[in-house]
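Have a look at the structure below before the remarks.
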2 protein chains.
Amino acid sequence: MNNKNLDAMSFLLKLISDKTRLRMLAYLKNGEMCVCEFVDLFTLTQPAISQHLKKLRTAGVVQERKQGTWVYYRLSPDLPNYISQILENLPSLKAKSCDCQTREDLIQLESLK
Amino acid sequence: MNNKNLDAMSFLLKLISDKTRLRMLAYLKNGEMCVCEFVDLFTLTQPAISQHLKKLRTAGVVQERKQGTWVYYRLSPDLPNYISQILENLPSLKAKSCDCQTREDLIQLESLK
DNA sequence: TTTAAATATAAGCCAATGATAATATAATTG
DNA sequence: CAATTATATTATCATTGGCTTATATTTAAA
């Protein structure tokens with residue numbers, strides 16, 4: 001069915017064309033990002049961030065990796081080529097370190113005692 | 001400004017990711033289409049079709065050519081490559097002839113009298 | 001110049017979507 | 001286990017966007 005493809009493309013394109021989610025993907029081009037980093041970088045509440053990430057995850061655009069209470073997100077491999085092309089055209093945004101304590105911070109703090 | 005690019009991409013992607021407009025673009029891959037053809041092909045009212053085409057036109061995705069009361073639309077040349085890539089991945093839909101009388105029909109009808 | 005056909009615009013309605021506040025869950029630490 | 005931190009979920013609200021009806025515009029035909 002032709003409409004199957006068309007509907008799927010419509011769904012996926014609409015999903016990633018949201019300004020916030022597109023910006024998230026621009027950050028993810030440079031590698032994994034922790035949820036707390038997004039919360040730090042965007043002027044949005046944590047639930048809003050969480051909901052955007054859920055949409056990206058459910059659609060298979062990103063994958064998660066849990067590490068303690070932290071959750072890291074990364075781009076899925078093998079995205080459709082028209083999606084990859086969009087990602088390539090995105091400016092690649094660079095994340096600064098965020099306020100939340102990373103596991104590494106904690107380990108380091110621990111070792112300093 | 002990075003956000004300028006990002007916002008522009010978000011705007012354009014959101015614009016073409018609508019299911020109806022994406023289907024219109026799939027038809028336009030095969031060449032010009034008359035408004036009346038779209039009206040014929042879609043189960044939508046004429047104003048709805050017209051509004052979709054206006055959005056595509058205003059955003060520079062399609063161009064129009066007026067011929068009498070008929071208006072033909074075609075894909076704009078030199079679209080951003082990430083948009084072209086999307087178009088390539090679209091199924092190319094084939095239009096049947098529509099009910100509206102074309103100029104050619106009228107000329108032919110005239111000559112038969 | 002009246003009529004008809006093709007298209008565009010305007011106004012109002014409704015559904016989808018993104019945002020927030022409040023709450024829940026889960027893992028870690030003390 | 002009680003408290004804290006990070007994240008997720010739920011409920012609700014406001015905005016956006018697409019659809020329809022009604023109307024306007026434009027061009028060609030009679």
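We name chains A, B, ... by the order of the sequence lines, and we start the count at 1 in each one.
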Practice task
Report the distance from atom CD of B/Glu64 to atom P of C/dA8, rounded to the nearest whole Å.
Solution key: 7 Å
Handout entry: Distance, rounded to the nearest Å, where B/Phe11 contributes CZ and D/dT16 contributes P
Key = 14 Å
Exercise for the section: For B/Ala8, check side-chain contact (heavy atoms from CB on, under 4.5 Å) against everything at least two apart and list the hits. Expected result: none
Completion exercise
In whole angstroms, the gap separating P of D/dT21 from CD1 of B/Ile49 amounts to 14 Å
Using nucleotides 17-21 of chain C, report all nitrogen or oxygen pairs with the protein that are shorter than 3.5 Å.
| residue | atom | partner | partner atom | Å |
| --- | --- | --- | --- | --- |
| C/dG18 | OP1 | A/Arg21 | NH2 | 2.9 |
| C/dG18 | OP2 | A/Lys55 | NZ | 2.2 |
| C/dA19 | OP2 | A/His52 | NE2 | 2.4 |
| C/dT20 | OP2 | A/Thr45 | N | 3.3 |
| C/dT20 | OP2 | A/Thr45 | OG1 | 3.0 |
| C/dT20 | O4 | A/Gln51 | NE2 | 3.3 |

Practice task
Just call it for A/Lys66: base, sugar-phosphate, or nothing, with non-hydrogen atoms closer than 4.0 Å on any strand.
Solution key: nothing
Handout entry: Atom-pair distance (CD on A/Glu37; P on D/dT7), nearest Å
Key = 9 Å
Handout entry: Protein-nucleotide distance (B/Tyr72, atom OH; C/dT7, atom C1'), rounded to Å
Key = 13 Å
Fill in the blank from the handout: Applied to residues 39-68 of chain A, the ring pair (Phe, Tyr, Trp, His ring centres under 6.0 Å) test, sequence neighbours excluded, yields A/Phe38-A/Phe42
Problem - Those residues that, when tested against B/Gln51, pass side-chain contact (heavy atoms from CB on, under 4.5 Å) (two or more places apart) - result: B/Pro47
Exercise for the section: Rounded to the nearest angstrom, tell me the gap between atom NZ in B/Lys54 and atom P in D/dG18. Expected result: 14 Å
Problem - No-H, no-angle donor-acceptor pair, A/Gln46 side chain to D/dA8 base, under 3.5 Å - result: yes
Exercise for the section: Would you please name every residue forming a side chain to side chain donor-acceptor pair (under 3.5 Å) with A/Glu32, sequence neighbours left out? Expected result: A/Arg65
Exercise for the section: Tell me whether the OP1 or OP2 atom of C/dT7 has a side-chain N or O from B/Tyr73 closer than 4.0 Å. Expected result: no
Fill in the blank from the handout: Checking B/Val62, B/Ile16, B/Leu56, B/Leu93 against B/Met24 for side chain to side chain contact (heavy atoms under 4.5 Å, CB included), the one that qualifies is B/Leu56
Practice task
For residues B/Arg23 and B/Arg21, determine if any side-chain heavy atom of one lies less than 4.5 Å from a side-chain heavy atom of the other.
Solution key: no
Exercise for the section: Take atom NZ of B/Lys19 and atom C1' of D/dG18, then tell me their distance rounded to the nearest Å. Expected result: 13 Å
Exercise for the section: For B/Ser50, check side-chain contact (heavy atoms from CB on, under 4.5 Å) against everything at least two apart and list the hits. Expected result: B/Gln46
Handout entry: Contact under 4.0 Å: B/Ser50 side-chain N or O vs C/dA8 OP1/OP2
Key = yes
Problem - Rounded distance in Å - CG (B/Leu53) to P (C/dT9) - result: 11 Å
